[in-house]
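From a predicted model like this one, the values you see are computed outputs, not experimental measurements. Throughout, residue positions are numbered sequentially from 1 according to the sequence presented.
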Amino acid sequence: MGFFGFGSAPTACALIFAVILALHGPCFALPEAPGEAKELYIVYLGERQHEDADLVTASHHTMLATVLGSEELASESIVYSYKHGFSGFSAMLTESQARNIRGLPGVANVWMNQMHNVVTTRSWDFMGLPYNQTNGLLAHAKMGDGIIIGVIDSGIWPESPSFDDTGYAPPAAKWKGICQSGMSFTAKSCNRKIIGARWYADDFNKSQLEAAGEFLSPRDFDGHGTHVASTAAGSVVRNVSFYGLASGVAQGGAPKAHIAVYKACWSIGCSEATIFKAIDDAIHDGVDILSLSILSPTGHAPAFHAVVKGIPVIYAAGNDGPYTQTVNSVAPWLLTVAASTMDRLFPTVVTLGDGQTLVGQSLFVAARKANQFHKLKLYYNDMCNLTIANSTDVKGNIILCSNLNAIFTTTQLVELATALVKSGGKGFIFTQRSSDRLATWQFQALTIPIVSVDLEVAFRIHQYFSTTQSPLVKVSPSQTTTGRGIPAPKMAAFSSRGPSFIYPTVLKPDIAAPGVNILAAVPPVGKYKKLGLPYFFNSGTSMACPHVSGIVALLKSLHPDWSPAALKSAIMTTAHITDNNGLPLVADATPNKIADPFDYGAGFVNPTKASDPGLIYDIDPSDYQMLFNCMIGSNTNRSCTAIESSLFDLNLPSIAIPNLKTSQTISRTVTNVGQPDAMYKAFLQPPAGVDMLVKPKMLVFDKNTRSQCFKVTFKARQKFQGDYTFGSLAWHDGSSHWVRIPIAIRVVIEDFYSTKVVQFNILRKLFLPQSYRIKSKELMGAPCGGADSADQVSSSPAAASEVGAPLLIGSLFFSLLRYGERTWALKCGSRNGLRETSWQLPKLNVEVDKGSYIDTICYVLQSILCVHDLFSGRTISQMKERQVFRFQGDRPLEQVPKLLEIELAMMSDDLYTKAMVLQTRSGIILRFISHVFMIAAFVLFLIASNKQQYKRVDIAITYVLFIGGFVLDVCSFFLVAMSPWTWAFFRAQNCNRLAHISWLILCSCIGWPEKKPLWSSSMGQYNFLSSSIGFDESRSSSKMFTILRKMLNAVNKKLWFRKIWHIKHVKVDKDIMDIMVTWVGRLAREEFTRITQQQSWANLRPIINCTLNIPANSFGDNIVLLHIYTDLHLRKQPDNEAIGAESETASSSTADIMDICRKISNYIVYLLVAQPSMLPLSGAADDTTAAFHEKISKKGSSKQDVLETCYQLVEDQLEFGYEECLKEQEQPGPWRETLMEIRDMWLRLLIYIAGKCQVELHAQQLGRGGELLTFVWLLMAHHDIGDVAHQVDLITSSETMSGQFCAFHFPKEPEQ
């Protein structure tokens, strides 16, 4: 999940691509499979390639038409086209069509649409923003005048007093939005407050929505959207209350801000496709802020594009607390909001028959039904159920449900209360550990009292009940209490908690805001209509989110040039971490606890302080790009695991380290937005068990220095598998600015180690395996003056004292050796190496040339990861300056392999020198171990010498350690002496004798270049039929062997075992090498096209027509089918006499052709089974091989069963249509002609595969010794043909038949 003019290059490429797809659309169209259901899929294409939105939409239709077959079908299928902030569309597709689109060029990802869920007067006074403020943030920001807040939710009720536009100015000229009409909503429904409204229902069943009472327009039915919009930017409305409760002034955070409504949520949920479209439209319309009280694991992908455009996006954290790892919307570019309480309660007095008065919480306002005694009945635990609530026992009574063992869920309580009302109950008292869900009972406020009490009050009632024969109780109307007497804020129990299981290095949530019992506007329909009030309570992080949205609007009004990251930083670094009485914040849970950053992020929002933060942690949106690519699944060049684990140095106003083992250094950059001349001092609060160091400790700013970088080093005091501990880092200027960021660290011994019973890691995305470490400066840039800010592990003095002085000395010595090794290697890398092979070149008349071949080979060398990583000092430009000894003209076949070997040795310079450094490292490690042994022996000798007498064991251990160290040192010396870079160093220093000795040792070790060819002398072989037949061909009649065969057959059914068992290696024939040289030469001389067009394929025409010339077919499937047909054809070999051989030479020639067919066919299938990355596959090779083995072995594994199944498979799947073709090819004459066509077909495919294989894979093969495929590729590279040099068709011209494998040309009229 997660997101130009015509003269520009991207536009030109996009238009060309669109034209090609349009011309070839019918060839690529995928017919809809019968019975295959259509679902709504989202196709994400990334950044749009046109400024003109109509061109973007046209490209969507063109792309979809290539799959569906026509523009008309594409237009009918597309539901939404995303064309403003990014490019993409949602369409009704089958699974196979979606899979086909995923393979098109330019498609970042495709996924099925998902449904998401949506997640009140006192709150703004509590945060210091009263409506009548004359000299504060609200006044300075002019109440957010002119700011446009986009609210994506369930719509709006425009007639609410909260959206009165009296005194408002029209929106700025940048506004491009519309007021979309619909049911009970016209263009006049918008005003200067609600300046725009859109609604989205194209992916819903509109008749079902109407049946549910929904308005097919921006008008709100659910009430959630109206509540949220009035909280963020509602106008000032006086004398608002809930039947006298919570009376006061209702207002939004930015009362003068404009509201743009995007109705993407309905009573059945929020479609992801509609949310995408809403964000896309909001970017186009010109909103300044986006507020989404909607749940999403990481946040929706288009939100990233909004942030890139400078639009802050605020999300709700979720309502799945108080459990850990439940926080949503964890992408670092989002502002994620948790929910807290405020200093307001609704105490309700419960009076017992003996005069005791107890207090609970309720929203009971029916004065006529209050203060009347009723009988009390008490039920415990499971006794309090719907059976009791629906019985006549509750009529006329007040019921107390006390649950000592568990917590009543909201659903249980609502069901019980509803049943009590229907059964004539007079009241419902229940035990609850939190009053966060009090808003649930407002709909019963006029019927019966529903009171929440804690266990202590319930126990008092129980004591009275158990000691009184006729217990009575009455409930008084609820009251409103506010002020310091109520500790607040307190984190709501339902608010989702961190850490994030998706991005554990990003601390979430970011901030906390009021979200409990918020009174705000609602529509007078549905469940709200009965009570007839325009304002109702609601609770959730959905209510906290618009509070922060309103605050961001005020800040953006004051600082319009601040980026979304700067606004987020200002809010986080100025937050409260204490309540209104100066005590630490508390998190409501079971039990309650001191809150931490996983509960509230940076703390409780402080709007006034946020307007003047002093310093900010700013981030360029491009720093998020690679993480975003991973989130949407379009990152193909880097390891997503490495990227996501290297987020430490993303310049966030928080630090989270989930796996601190020894030491970790984090970089941050702050920008001064306060007084130009300022000096800040660091104040540290290290997490428990962690030492913390900041450099520098003072930051000095002036007019010329607005940004400063600092580093924070964390060191674990002990090694243990711990849990998270928390701290902070604050910068103070000695005045009013305290710039504080939260810190969360977990000390671990092992990565991904859980001490919890419940595991949430199953929800993590599937990441690519990490190939090599990516430095964080490559990911995020160099935050501290270009310094490398990757993980830094330094030896701690405390740790050194634990291990001992000998190991410390050994470690330092080893570090020096490692430094010397790399320095020496880099020095040798700049010299000319391996020139000893030049004596052979004059014999072969080799001329000097420079061309594209050296560029190709240099790219190969650069792509060998181990060499490139070790010797990054050698640049490509330096290598291109080298001369290339390139042979010219036609050469004898036997000379070509040797020439290629010598040529590659000369061009690769010191390729083997570099690769063999890995062997030298073994010597370095051995030497380190030997020094540790000798130091240990010396220390033991010193210890023993201080004793009164020597012991035999002391002497024995000392001698063993010393002798062992000496032996290892000698071994390490020989390993170093035999390394190629030792020889290269002597050559560079003109030490010819030493170089000669080193060369002799080196040649005896690796046999360069005479004894070790650059490619293997063997080639992999794999045969599908023999592997499927298994061991049933054995003729042994022994009972023991029969049982053994059955056991082996059972094991052989496992695909992994079959791969190992049936892969064989045979020697590459000279005939195969020679024929490949010949064929590649023909291709270079452009003779191939002529030969191809002349070849009629009289016998293989049906096969090739049904496989290779149909682009929609899987390449892997085609390879297996052709392989099976080849095997079957070879098994039908007629007798030599029947072939018509007049001489032994002709018969021998037929045998040679059969051998070439068999070996190349088996070799290409071997690549499919063992090295599928070498083939241009579009699907998973394992799936292909497993499917064919299942088909072939379905009837049985005996030889006859397998052959019959294969014949049937060839006839059915290749669609020959008539058996005469097969029978005719079994005749002697056609059989041999077909055999020669099969040989030509496999040779063509081998050349095609070699050219299509990625250069990096060939480079890796060169490093390991090479493959036959790599040899073919080297030949093609030498001639500058194929994808090696240019992206052109390998084998044929554009005039021949189009298709993926257009090497197989057919005349218009088939030959008879």
Side-chain angles (χ1 to χ4, degrees), residues 1018-1028 1062-1080 1082 1091-1092 1095-1104 1107-1108 1115 1118-1136 1138-1141 1145-1169 1175 1188 1203 1206-1207 1209-1210 1214 1221-1222 1224-1250 1267-1269 1271-1272 1291 1301 1303-1304:
S1018 64
M1019 59 189 292
Q1021 298 284 292
Y1022 186 91
N1023 187 280
F1024 255 92
L1025 269 63
S1026 63
S1027 66
S1028 299
H1062 292 283
I1063 287 176
K1064 300 178 181 179
H1065 288 272
V1066 297
K1067 189 173 182 180
V1068 180
D1069 291 343
K1070 181 178 180 297
D1071 293 339
I1072 294 178
M1073 302 286 276
D1074 292 347
I1075 199 169
M1076 294 313 305
V1077 173
T1078 302
W1079 278 52
V1080 172
R1082 290 177 179 176
I1091 297 173
T1092 300
Q1095 193 160 12
S1096 62
W1097 301 97
N1099 300 290
L1100 291 188
R1101 177 189 299 273
I1103 306 171
I1104 299 176
T1107 55
L1108 299 181
F1115 183 70
N1118 292 339
I1119 289 296
V1120 177
L1121 289 170
L1122 294 172
H1123 164 77
I1124 292 173
Y1125 174 76
T1126 301
D1127 202 323
L1128 293 176
H1129 187 78
L1130 294 177
R1131 291 173 184 267
K1132 288 289 185 178
Q1133 176 190 7
D1135 297 335
N1136 288 342
I1139 295 177
T1145 304
S1147 177
S1148 174
S1149 175
T1150 300
D1152 293 341
I1153 297 174
M1154 291 177 61
D1155 190 53
I1156 292 174
C1157 290
R1158 181 181 294 108
K1159 285 187 176 180
I1160 298 182
S1161 170
N1162 290 352
Y1163 171 64
I1164 294 179
V1165 175
Y1166 154 77
L1167 294 177
L1168 176 69
V1169 172
L1175 301 178
F1188 271 96
L1203 292 177
C1206 289
Y1207 276 115
L1209 187 67
V1210 169
L1214 296 184
C1221 176
L1222 288 173
E1224 187 177 310
Q1225 292 177 12
E1226 293 174 5
Q1227 300 301 319
W1231 183 91
R1232 192 173 189 279
E1233 294 172 1
T1234 304
L1235 180 67
M1236 298 178 67
E1237 290 185 12
I1238 291 174
R1239 178 199 62 184
D1240 294 349
M1241 174 189 69
W1242 284 115
L1243 290 171
R1244 280 171 160 81
L1245 285 177
L1246 186 60
I1247 293 175
Y1248 177 85
I1249 293 169
E1267 278 277 3
L1268 173 62
L1269 196 67
F1271 168 71
V1272 178
I1291 299 174
F1301 299 99
F1304 304 92

pair [X]-[Y]: side-chain heavy atoms closer than 4.5 Å:
X       : Y       : answer
Met1236 : Ser1149 : no
Trp1242 : Ile1156 : no
Leu1122 : Leu1245 : yes
Ile1160 : Leu1268 : no
Arg1239 : Leu1235 : no

Might you point out which heavy atoms bring [X] and [Y] nearest each other, and give the distance in Å?
X       : Y       : answer
Ile1238 : Cys1157 : CG2-SG, 3.9 Å
Gln1021 : Lys1159 : NE2-O, 3.1 Å
Leu1246 : Tyr1163 : CD1-CE2, 4.0 Å

Calculate, to the nearest 0.5 Å, the distance between atoms [atom1] and [atom2] belonging to [X] and [Y] respectively.
X       : Y       : atom1 : atom2 : answer
Thr1078 : Leu1243 : OG1   : CG    : 10.0 Å
Tyr1207 : Arg1131 : OH    : CZ    : 8.5 Å
Cys1206 : Phe1188 : SG    : CZ    : 10.0 Å
Tyr1166 : Leu1269 : OH    : CG    : 11.0 Å
Glu1237 : Glu1233 : CD    : CD    : 7.5 Å

N/O donor-acceptor pair under 3.5 Å between His1123 side chain and Asn1023 backbone: no
Whether Tyr1022 side chain and Leu1168 backbone form a donor-acceptor pair below 3.5 Å: no
Parallel, tilted or perpendicular: ring planes of Trp1231 versus His1129, cut at 30 and 60 degrees: parallel
